[in-house]
Amino acid sequence: MTTLSATIQEVFNEPACAKNAAKSEKERKKGCTKQLQPGGAAGGCAFDGAKIALQPLTDVAHLVHGPIACEGNSWDNRGAKSSGPSLWRTGFTTDINETDIVFGGEKRLFKAIREIIGKYDPPAVFVYQTCIPAMTGDDINAVAKAASAKFGKPVIPINAPGFVGPKNLGNKLAGEALLDHVIGTVEPEYTTPYDINIIGEYNLSGELWQVKPLLDALGIRVLSCISGDGRYREVAQSHRAKAAMMVCSKAMINVARKMEERYGIPFFEGSFYGIGDTSDSLREIARLLVSRGAPADLLDRTEALIAREEAKAWASIAPFKPLFAGKRVLLITGGVKSWSVVAALQEAGLEIAGTSVKKSTKEDKERIKELMGEDAHMIEDMTPREMYRMLKDAKADIMLSGGRSQFVALKAAMPWLDINQERHHAYMGYVGMVDLLREIAKTLFNPVWEQVRRPAPWDDPADNWQARALAEIVAPQLAAE
Amino acid sequence: MAKVTHVKKACTVNPLKMSQPIGAALAFMGLRGAMPLLHGSQGCTSFGLVLFVRHFKEAIPLQTTAMSEVATVLGGYENVEQAILNIHKRTKPEIIGICSTGVTETKGDDVEGYIQLVRERHPELASLPLVYVSTPDFKDAFQDGWTKAVTRMVDVLVRVPEPGAVRDAGRIAVLPGCHLTPGDLEELRTIIEDFGLRPSFLPDLSGSLDGHIPEDFTPTTIGGIGVDEVASLGEAAWAVAIGEQMRPAAEALRTRAGVPFRLFPRLCGLAAMDEFIMFLSAASGRPVPAKYRRQRGQLVDAMLDGHFHIGGRKLAIAAEPDLLADVAGMLREMGAEISVAVTTAHSPILSGIDTEEVLIGDLEDLERLAGERGCDLLVTHSHGRQAAARLGIPFFRVGIPMFDRLGAGHLLTVGYRGVRDLIFAISNLVIADAEQNHQPTPDSWRLTEEDGATDGAQQKGQAA
């Protein structure tokens, strides 16, 4: 475990993280993750985070070394999309039993790798460590190395057992595995001055494909997307990109920063959520590429594309603005979306009743203040009960959040829209923004709310929970109108 | 009589099985005001939570002791204590159900001992029931976790009746397996009540995960059987166990409170329902209500209409033992052939299934054998969707998880009318498949070279 704890320490030391830079040596050693509260915690483990970060690599066999819980309870449940291979949606696990725990599971793991290569012949096998084999001392690095030598195929150990920390740490440990074992191991057939990497984008609901046509139109090639709709080979050759965009603010900052350090690939942090952010990101990509030697006309072509696409988007958004006047949104999400979606919603004339900042960095919070003003309603951490009260107090018309909290809104008969990883709609780029607004409008103005809020005719309206809740939520608004 | 075979391979591909602790946690969700707590890493809980949210489309109460690496090595007393205190403070539950996981079992945490110590140190928890069940992930499966949790509830919560206490002749304790949906439980309640009996379900998911809008916002379960009602189960005249998995719980209730039980291994099917209805008639001393005489006739008629479509189908089915026996049994009675049967763990019920072999395996085994044996009906949980698409055969979803369709909580496999509608649903799926994919063409019955045809280029097509 020494190497794993060294890696974790290294991740905690990440110099590109502003939060980290402000800490003392001692604070840094304690790590970035808040101590989890037993009985009051929610969210995934490090293994979950590693899997989220890497599973979108579509041609890789993702093998989970652990008991059935780690894969059996969760496989094939991500919304990432593939333009080709489907192997990533196949669930592989060693499903270890008591014998493996007592005598060690390394042999089973080795055999499992052999079976996968024999039956599915993937370009690579990723082996995910989990808590139990980490405790009993199964050395997945050694097994991966032996299997790789034996079968002549990359077998990559991903050391992020669940109990080392939360999901976000797992994202970074997954990134470390790519840096250690994958990136830079293959040379591309050819390179162009327009090659970029997109880091921390998972192609949920096919969102990458809302943006890729814009890059295609500019002649910009995505050499590697880590990891949405990615292929093993693309990641292996990603060290030859000219520039990189880091999409999710915290998830893979170590990958972007170390690739800059090792291969001189400059990166920026950007977002494709919202019209302004999409344009800014395209500009920044073009600027970095030109600074690395791409012909300067790329800048003009980019501006022309931005002007054309923004005009189209604004034209599509205009009809929503009068509809949305005075409507208030409660945002419960995390990280980059706490501000990138804010900007997008404001563009359509929606007001933000509050936004959660539980998973946001200091910069994220700064961005929120820029957008929403100094007295922006930022929500740190809340129980479902508080969330429900918040829904009433903030007098929000709609809540946008992840699947976990949806029932708080729905049971209160409040409009709700999924904007986290399980969602079914794609919201990126110019077209995605318009789609998001269309979905919000569809939800907000659905006559179903009127129906479902009707008290049962046999209920005493004064003593009905929904009626009571409704009175508190809706009445003040009616009074205000 | 089926032979049960464990598939020999090192790598499970496309798991059918889910883990014990979340099966146990689901059982606790059938108690009112409950908060199930997994003693393990926070991921153990989060995966289970997401799974149930996607299946039931409901808020799911489920907490974690959030074991870190250090806590795991040193032992989890403090985490268990803190978790109980935090849950007590934040959510005010009526009961906490604690399930161990693989990590804490590997370490060997003595949770019973921990609970005792917590009770000593925190007298304010005296009236809060804490039920612990040992459910390591590396053994058994989902259904077993459910069984163990319900058996523990009986052992810990049911009051031992006073000597000479008179049983309540109108009361029935129902111990449903985890293969029954909230909708199934509601149907059973209606049927039992129609015989003038008063059923208590342990656990009762129909009160907590049936999708109703609660009276008030609560972070614990929004319904289910109350702790006091569980305590009084020993007064019931009869216990009814549904599914072989409930035998240990029924035996525990008999041992503890002397309640006689009747076990119904199946309720999906005409003969199985007849037996159940006649039991209720005998237990209540009432004739079968006209309503059920009519419904029985409707089921018979549905079987007559449906057998044209289900008869001769080659079924490939994968499910936990009791669900497998129930649904495969019903389809077999309609004339389907059970060509491939895959399950998750051993159970005495498996050998009675009318097929040659039942495999303990995964969905890779199901898919491969379904292809090799030319199956034309696939039945399993939602994870069978990829296999069904590759095989190109009709796919009916049963069991947990069912995350890509609505109504998982209300799919019925019990009751005359429930089985009637199930037969219609499966038949309609088969009819739609025949219309879309197996229309006859002029080439369907073309002679081939082997038949003596001169034109070798003609291919024998597939008859519908």
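Lettering follows sequence order; numbering is per chain, from 1. Note that these values count all heavy atoms, side chains included, but never hydrogens, waters or copies made by symmetry.
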Colleague: With chain B as the partner, which of A:Ala46, A:Ala112, A:Cys70 has the greatest number of non-hydrogen pairs under 4.5 Å?
Modeller: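 Going by pairs under 4.5 Å, I would pick A:Ala112.
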
Colleague: In terms of the angle between their ring planes, are B:Phe47 and A:Phe47 parallel, tilted or perpendicular, with boundaries placed at 30° and 60°?
Modeller: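 Ring orientation, 0 to 90° scale: perpendicular.
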
Colleague: Do the non-hydrogen side-chain atoms of A:Asp95 and B:Lys17 ever get within less than 4.5 Å of each other?
Modeller: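 Yes, their side chains come closer than 4.5 Å.
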
Colleague: Do you know the tightest heavy-atom contact between B:Cys11 and A:Glu115?
Modeller: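 Nearest heavy atoms, B:Cys11 then A:Glu115: N-OE1, 3.0 Å.
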
Colleague: Quick one: what part of B:Ile96 sits under 4.5 Å from any heavy atom of chain A, side chain, backbone, both or neither?
Modeller: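 Neither part.
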
Colleague: I'd like to verify something: which residue of B:Glu364, B:Met67, B:Lys107 has the highest number of heavy-atom pairs under 4.5 Å with chain A?
Modeller: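 Most heavy-atom pairs within the cutoff with chain A belong to B:Glu364.
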
Colleague: Between B:Gln386 and chain A, with a heavy-atom cut-off of 4.5 Å, which part of the residue counts as in contact: side chain, backbone, both or neither?
Modeller: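 Contact with chain A: side chain only.
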
Colleague: What part of A:Tyr120 lies closer than 4.5 angstrom to a heavy atom of chain B: side chain, backbone, both or neither?
Modeller: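 Side chain only.
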
Colleague: Could you tell me whether the side chain of A:Asp76 reaches within less than 4.5 Å of the side chain of B:His383, counting heavy atoms only?
Modeller: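 The answer is yes, as the side chains (C-beta and beyond) meet within the 4.5 Å cut-off.
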
Colleague: Tell me which of these, B:Ile87, B:Thr106, B:Asp362, has more heavy-atom pairs under 4.5 Å with chain A than the rest.
Modeller: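 Heavy-atom pair counts peak at B:Thr106.
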
Colleague: Relative to chain A, which segment of B:Lys9 carries a heavy atom at a distance below 4.5 Å: side chain, backbone, both, or neither?
Modeller: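 Answer is both: backbone and side chain atoms of B:Lys9 are under 4.5 Å from chain A.
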
Colleague: Is any side-chain heavy atom of A:Thr94 closer than 4.5 Å to one of B:Thr12?
Modeller: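 No, every pair of side-chain atoms sits at 4.5 Å or beyond.
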
Colleague: At a heavy-atom separation under 4.5 Å, does A:Arg89 approach chain B through its side chain, its backbone, both, or neither?
Modeller: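 For A:Arg89, backbone and side chain are both near chain B.
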
Colleague: Heavy-atom distance under 4.5 Å between the side chains of A:Pro38 and B:Thr64, does that happen here?
Modeller: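 Result no, sub-4.5 Å side-chain heavy-atom pair not found.
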
Colleague: Counting only non-hydrogen atoms closer than 4.5 Å, does A:Ile113 touch chain B with its backbone (N, CA, C, O), its side chain (CB onward), both, or neither?
Modeller: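 Contact with chain B: none, neither part.
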
Colleague: When rounded to the nearest 0.5 angstrom, what distance separates CD1 in A:Ile132 from CG in B:Asp137?
Modeller: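 Spacing of CD1 (A:Ile132) from CG (B:Asp137) equals 6.0 Å.
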
Colleague: With side chains defined as the heavy atoms from C-beta onward, is the minimum distance between A:Thr99 and B:Phe138 less than 4.5 Å?
Modeller: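 No, their side chains stay 4.5 Å or more apart.
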
Colleague: Given heavy-atom pairs under 4.5 angstrom as the criterion, report whether the side chain, backbone, both or neither of A:Lys119 touches chain B.
Modeller: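 Contact with chain B: side chain only.
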
Colleague: Can you tell which part of B:Thr45 gets under 4.5 Å to a heavy atom of chain A, answering side chain, backbone, both or neither?
Modeller: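 Neither part; nothing is under 4.5 Å.
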
Colleague: If you count heavy-atom pairs under 4.5 Å with chain B, which of A:Cys131, A:Gly91, A:Gly162 comes out on top?
Modeller: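 The answer is A:Gly91.
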
Colleague: Is any side-chain heavy atom of B:Ser68 less than 4.5 Å from a side-chain heavy atom of A:Phe163?
Modeller: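 A side-chain contact is absent here, since even the closest heavy-atom pair is not under 4.5 Å.
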
Colleague: State, with a plain yes or no, whether a side-chain heavy atom of B:Asn14 is found less than 4.5 Å away from one of A:Trp75.
Modeller: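 B:Asn14 reaches A:Trp75 side chain to side chain.
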
Colleague: Pick one of side chain, backbone, both or neither for A:Ile68, based on which atoms fall under 4.5 Å of a heavy atom in chain B.
Modeller: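 Its backbone and side chain both get close to chain B.
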
Colleague: Is there a side-chain contact between A:Ser74 and B:Leu51 (heavy atoms, below 4.5 Å)?
Modeller: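 Result no, sub-4.5 Å side-chain heavy-atom pair not found.
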
Colleague: Can you tell which of B:Lys57, B:Met35, B:Gln20, B:Glu81 has the highest number of heavy-atom pairs within less than 4.5 Å of chain A?
Modeller: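 Option with the top pair count is B:Lys57.
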
Colleague: Which one of A:Arg114, A:Lys111, A:Arg108 has the most heavy-atom pairs closer than 4.5 Å to chain B?
Modeller: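 Most pairs with chain B among the choices: A:Arg108.
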
Colleague: Step by step, would you call B:Arg54 with A:Asn77 a side chain to side chain contact (heavy atoms under 4.5 Å, CB included)?
Modeller: CA-CA 9 Å; B:Arg54 285 161 51 98; A:Asn77 72 351; 3.6 Å; yes

Colleague: So among B:Arg90, B:Gln82, B:Gln42, which one has a side-chain hydrogen bond (donor to acceptor under 3.5 Å, both in side chains) with A:Gln37?
Modeller: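 The passing option is B:Arg90.
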
Colleague: So, for A:Glu71 and B:Pro15, which heavy atoms are closest and what is the spacing to 0.1 Å?
Modeller: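 Looking at all heavy atoms of both residues, the shortest contact is CG-CG, 4.2 Å.
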
Colleague: Quick check on A:Glu98 against chain B: is it the side chain, the backbone, both or neither that has a heavy atom closer than 4.5 Å?
Modeller: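 Interface part for A:Glu98: both.
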
Colleague: Pick whichever of B:Pro21, B:Gly40, B:Gly102 has the most heavy-atom pairs under 4.5 Å with chain A.
Modeller: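 Maximum pair count with chain A is reached by B:Gly102.
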
Colleague: So which part of A:Thr136 gets closer than 4.5 Å to some heavy atom of chain B, the side chain, the backbone, both or neither?
Modeller: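 Just the side chain, heavy atoms under 4.5 Å.
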
